[in-house]
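Counting starts at 1 for both ligands and their atoms, following the listed order. Along the sequence shown, residues carry numbers from 1.
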Amino acid sequence: MKYRSSRGLAPELGFEDVILQGLASDGGLYIPKSLPRFSDQEILKMAKLNYQQLFFEITKYFIGDQIDLKTYREIIDESYKNFHHLAIAPLKQISHNHFLLELFHGPTLSFKDFALQFLGNLLAHILSKRKQEIVIIGATSGDTGSAAIMGCKACQNAKIFILHPNNLISLVQRKQMTTILDKNVFNIALEGNFDDCQKMVKSMFANQEFLVGKKMVAINSINWGRIMAQIVYYFYSALRLGVGEKNNISFSVPTGNFGDIYAGFLAKRMGLKISKLIIATNSNDILYRFLKNNDYKKMPLQATLSPSMDIQVASNFERLLFDYYQQKNSQEKFVSLIKNFEISSKMTVDSEILAAINRDFDAFKIDDQEIIATISQIYQESGEIIDPHSAIGVKAARQFMASKDYQGELLVSLATANSVKFPGAIIKAGLKSPELPKFLEDLPIKKERYQIIENDLQIVKDYISGKINL
Ligand SMILES: *Cc1c(COP(=O)(O)O)cnc(C)c1O
């Protein structure tokens, strides 16, 4: 399997290089040149597979011949052995046609474990085979950092640096990162906000000389390995609910960088019968404005109760647009659109393309007050305590079910984090602060290690280069 850049100017790469590459050299994102397509019958046959077996069947086409399939099976098993639920991605019914897909049973309690446990094991394998050492540098607004550290800490050939905004993430989120004391893990609390952290990672990626010959690998949500892993739970949940045989299904996805819902879109392209993919946004609503008014324009960032979705521009959206323009054979138009956006921070697409996107997707925008009301309502109706991100998905699903587009199909809302990570919102909803699961009980008393560093690129670079040759 070969991968190409969305912007068409970077070299084509095989699977392993795509995983190590992140952003393409022309600024685009890597996309597989073709997708496997499963018939209804083939999908139904997969109903008997457990999560790990299904992962293998759905994704083996993307690997090509770079990893032998037996080793690949082992990497998958290793990646899901630290989950604390035998079903890996269990479903919970919250009303007649509406189910929560609980994606928070991994070691750091958010759906990001699904991708980053896998990516960590994959990197460990590729690097030891190639005898190569890398430096992982990432920025986090809370969930990505701990998932990346837990996923990659066992990788001997990687040093991991995670930047978080000092004092701007929850205590649980910080401790999930800073209590990991492995020698190759470094937490930086930057005296700035998440945007500052992200900007810094970007500049370091663009100029890697300070890494003295070591390669920097980006583990943010544009990494193809992360997207690929997330395709699986769309198939898994649809199969549990008997989709294809007797039911149709729509998914509601709390969306920030568009990685998770893009994986759902790929599942649809690969043959899964999905009616609608519902983009659930918070007040940072660029995707909502786009679907409704063809208005894709960068706006000032708003801090909300759902910090992991506080983003101005959805990086993976470029992959989606590429897909629709490619179907129309308008690659050139696509590239000029994207280039223009980089200059003007706004974009309007052809009305035909917008109409096509609106056939596959719907969008709803949920504000903080609705988040709180939804958390409280779902608790009263079903006894479930959902986190503020999941609440956005649930509320969007409900608004969709009340709209004229709803055809009576089953609705699955992705529950992307455990509520214990966001006690502030839970208390605002009038509920008791949730308790840490047993395996994290000792988190509050564990020793922390992290470095507070001022918001200065050179000082951060010096700190990192001082650590990588230890
Ligand atoms: C990262 C995150 C999201 C957003 O996912 P994207 O793939 O960036 O769209 C939603 N909810 C939680 C809890 C997250 O950590």
Tell me, please, which residues at least two apart from Phe334 pass ring pair (Phe, Tyr, Trp, His ring centres under 6.0 Å).
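For Phe334, the residues satisfying ring pair (Phe, Tyr, Trp, His ring centres under 6.0 Å) (neighbours in sequence not counted) are Phe322.
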
Taking side chain as C-beta onward, heavy atoms only, is Lys395 less than 4.5 Å from Ile371?
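Answer no - side chains too far apart.
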
For a quick check: using heavy atoms under 4.0 Å, what are the residues in contact with ligand 1, sorted by chain and number?
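Residues near ligand 1: Phe111, Lys112, Asp143, Pro254, Thr255, Gly256, Asn257, Phe258, Gly259, Asp260, Ser308, Met309, His389, Thr416, Ala417.
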
May I ask you to check if Arg269 and Tyr324 form a cation-pi contact, with NZ or CZ under 6.0 angstrom from the six-membered ring centre and within 45° of the axis?
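Yes, Arg269 lies over the aromatic ring of Tyr324.
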
Hey, can you tell me if Phe118 and Tyr72 have their rings parallel, tilted or perpendicular (30° and 60° cut-offs)?
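The arrangement is perpendicular - the two ring planes meet at more than 60°.
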
Which of parallel (below 30°), tilted (30 to 60°) and perpendicular (above 60°) describes Phe258 and Phe317?
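Phe258 vs Phe317 ring planes: perpendicular.
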
Could you tell me whether Phe104 and Phe111 have their ring centroids closer than 6.0 angstrom?
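No: the rings miss the under 6.0 Å criterion.
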
